[in-house]
*Asks:* 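My questions will all concern the structure given below.
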Amino acid sequence: MPELPEVEVSRLGISPWLINHTITDVIVRDKRLRWPVPDEIKTAVGRTISDVTRRAKYLLIDVGNADIVLHLGMSGKLRVVEKSTPVIKHDHIDIVLDTGKCLRFNDPRRFGACLWQPKGDELPQFHKLGPEPLTDAFDAERLHVLSRGRKSPVKSFIMDNDVVVGVGNIYANEALFMAGIDPRRAAGRVSASRYAALTDAIKAVLQKAINEGGTTLKDFAQSDGKPGYFAQHLNVYGKAGKACERCGGVIKSKVIGQRNTFFCIGCQR
DNA sequence: ACGTGATCCTGGAAGC
DNA sequence: TGCTTCCAGGATCACG
């Protein structure tokens with residue numbers, strides 16, 4: 001479910017329910033996530049949450065001496081519910097608060113994660129992450145310089161977390177369409193000026209999705225449990241065989257780097 | 001350093 | 001209706 005906008009929308013949704021509240025219990029029903037949920041997570045009991053931030057697609061819940069690190073994987077969802085709310089299938093973790101509410105993590109596929117990061121002790125997952133796409137640290141020059149000599153498809157290149165974080169499959173497809181770049185093109189054969197257009201497109205498509213509350217796909221629900229009601233207008237993603245709204249050509253699909261890829265050969269070169 | 005492919009897991013949708 | 005097959009928003013790891 002989550003691409004970066006969904007993670008950011010989740011962060012905005014859960015933050016007011018967590019910040020300045022004290023954790024009264026941590027319930028782990030199934031620790032078999034992407035990595036086993038560490039027992040240290042229990043030491044968060046009694047601590048007060050001071051902030052909820054995001055790095056790439058990870059959420060960091062600041063409990064003073066450490067961060068609880070959450071990743072939603074492919075199918076993870078967060079809800080804020082009364083702690084008495086009956087659990088449903090795949091409700092793996094509850095972070096219970098002094099308000100009687102709890103943050104409940106549900107993840108059918110268990111590709112998500114819940115980790116414990118003591119202050120000053122960076123998890124290996126964060127070691128070589130590229131810049132955040134919505135900051136000035138992510139710019140066209142970086143893409144141009146890093147891409148020289150690279151033969152892999154430009155789509156794989158922008159989805160590489162070492163290059164820039166947070167560009168998932170949907171928005172990679174959409175940004176490449178907006179910039180008029182063929183996703184199959186070798187990253188090293190995209191010009192500086194076209195990387196400028198791509199950089200702008202990535203920032204625009206992500207920011208728009210955040211503004212609209214996250215793209216609604218089949219299993220996204222906002223953190224209060226209500227389904228998100230904005231479906232961002234998608235130009236190419238999931239539209240193989242349909243007509244391109246810009247040129248009328250047929251949108252094609254092809255697997256690139258094991259991910260389904262959609263593009264218009266009339267609009268993208 | 002780079003590029004490719006396998007892999008973790010479940011459920012919903014599509015196909016027969 | 002029921003069974004089978006395919007596919008999915010992510011990210012790591014092993015290998016050539």
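In this text, all values refer to a predicted model and were calculated from it rather than measured experimentally. Below, each value reflects all heavy atoms present in this structure, side chains not excepted, and no hydrogens, waters or symmetry copies. Sequence lines set the chain letters: A, B, ... in the order given, protein chains first and strands last, and positions in each chain run from 1.
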*Asks:* Does the side chain of A:R47 pick up a donor-acceptor pair with the side chain of A:N65 at under 3.5 Å?
*Replies:* yes

*Asks:* Report the distance from atom CG of A:N169 to atom P of C:dC7, rounded to the nearest whole Å.
*Replies:*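 From A:N169 CG to C:dC7 P: 14 Å.
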
*Asks:* Donor-acceptor check, side chain of A:S10 to backbone of A:E6, threshold 3.5 angstrom: yes or no?
*Replies:* yes

*Asks:* Looking at A:R109 and B:dC9, is any side-chain donor or acceptor paired with a base atom of the opposite kind under 3.5 Å?
*Replies:* yes

*Asks:* Under 6.0 Å between ring centres: does that hold for A:F262 and A:F177?
*Replies:* no

*Asks:* For residues A:D98 and A:T24, is any side-chain donor paired with an opposing acceptor at under 3.5 Å?
*Replies:*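 There is no such pair (donor and acceptor under 3.5 Å, judged by atom type) between the side chains of A:D98 and A:T24.
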
*Asks:* If you restrict it to nitrogen or oxygen atoms, what contacts under 3.5 Å exist between nucleotides 12-14 of chain C and the protein, and what is each distance?
*Replies:*
| unit_1 | atom_1 | unit_2 | atom_2 | d |
| --- | --- | --- | --- | --- |
| C:dT12 | O4' | A:R34 | NH2 | 3.0 |

*Asks:* Mind calculating the distance between CG (A:N106) and P (B:dC9) to the nearest angstrom?
*Replies:*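 One finds 17 Å between P of B:dC9 and CG of A:N106, rounded.
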
*Asks:* Return the nearest nucleotide to the side chain of A:F111; candidates are B:dG11, B:dC8, C:dG9.
*Replies:*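 For A:F111, the side-chain atoms sit closest to B:dC8.
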
*Asks:* Quick one: which of B:dC9, C:dG9, C:dA11 gets closest to the side chain of A:K57?
*Replies:* C:dA11

*Asks:* Are side-chain N/O atoms of A:K155 and A:T261 paired as donor and acceptor at under 3.5 Å?
*Replies:*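 Distance-only check passes for A:K155 and A:T261.
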
*Asks:* Listed in order of residue number, which residues of residues 255-264 of chain A have a non-hydrogen atom at under 4.0 Å from DNA chain C?
*Replies:*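 The answer is A:R259, A:N260.
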
*Asks:* Say we look at C:dC6 and B:dA6: how far apart would their P atoms be, to the nearest angstrom?
*Replies:*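 Looking at atom P only, C:dC6 and B:dA6 are 15 Å apart.
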
*Asks:* For residues A:I158 and A:V163, determine if any side-chain heavy atom of one lies less than 4.5 Å from a side-chain heavy atom of the other.
*Replies:* no

*Asks:* For the CG atom of A:L59 and the OG1 atom of A:T53, what is their distance to the nearest 0.5 Å?
*Replies:*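 OG1 of A:T53 is found 8.0 Å from CG of A:L59.
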
*Asks:* Under the criterion side-chain contact (heavy atoms from CB on, under 4.5 Å), which of A:R194, A:Q268, A:R269 is the partner of A:I181?
*Replies:* A:R194

*Asks:* Please confirm whether the shortest side-chain N or O distance from A:H71 to OP1 or OP2 of C:dA11 is below 4.0 Å.
*Replies:* yes

*Asks:* Give the rounded distance in Å between these two atoms: CG of A:D107 and P of C:dA8.
*Replies:* 18 Å

*Asks:* Can you list everything that forms a side-chain hydrogen bond (donor to acceptor under 3.5 Å, both in side chains) with A:K119? Sequence neighbours excluded, please.
*Replies:* A:D62, A:D67

*Asks:* Requiring both pairing distances under 3.5 angstrom, list the stems that contain DNA chain C and are made of three or more consecutive Watson-Crick or G-U pairs.
*Replies:* B:2-8 with C:10-16, B:10-16 with C:2-8

*Asks:* Are A:E174 and A:K208 within salt-bridge range, i.e. N to O under 4.0 Å?
*Replies:*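 No salt bridge links A:E174 with A:K208.
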
*Asks:* Can you tell me if A:T85 uses its side chain to pair, donor with acceptor, with the backbone of A:V81 under 3.5 Å?
*Replies:*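 Checking the backbone N and O of A:V81 against the side chain of A:T85, no donor-acceptor pair under 3.5 Å is found.
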
*Asks:* Are A:N106 and A:R79 close enough that some pair of their side-chain heavy atoms sits under 4.5 Å apart?
*Replies:*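 A side-chain contact under 4.5 Å exists here.
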
*Asks:* Please check the phosphate of B:dG11 (OP1 and OP2 only) for any side-chain N or O of A:H90 closer than 4.0 Å.
*Replies:*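 For B:dG11, OP1 or OP2 has a side-chain N or O of A:H90 closer than 4.0 Å.
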
*Asks:* Examine the side chains of A:D121 and A:Q117 and answer whether a donor and an acceptor come within less than 3.5 Å of each other.
*Replies:* no

*Asks:* Output all residues satisfying side-chain hydrogen bond (donor to acceptor under 3.5 Å, both in side chains) with A:R54, sequence neighbours left out; order by chain, then residue number.
*Replies:*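 With neighbours one apart ignored, the set is A:E8, A:E132.
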
*Asks:* C:dG9 P sits how many Å from A:E174 CD, rounded?
*Replies:*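 Distance, rounded to whole Å: 13 Å.
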
*Asks:* Rounding to the closest angstrom, what is the interatomic distance between C:dT12 and B:dG11 at atom P?
*Replies:* 25 Å

*Asks:* State, with a plain yes or no, whether a side-chain heavy atom of A:K42 is found less than 4.5 Å away from one of A:W116.
*Replies:* no

*Asks:* Would you mind reading off the distance between A:E8 atom CD and C:dG9 atom C1', rounded to a whole angstrom?
*Replies:* 17 Å

*Asks:* Atom CZ of A:F105 and atom C1' of B:dT10: how far apart are they, to the nearest Å?
*Replies:* 14 Å

*Asks:* Just how far, in rounded Å, is P of B:dC9 from CG of A:L33?
*Replies:* 12 Å

*Asks:* Does anything in residues 142-155 of chain A reach DNA chain B, meaning a heavy atom under 4.0 Å, and if so which residues?
*Replies:*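 Those residues are A:R150, A:K151, A:S152.
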
*Asks:* How long is the line joining NZ of A:K254 and C1' of C:dC7, in whole Å?
*Replies:*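 My rounded result for the distance is 18 Å.
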
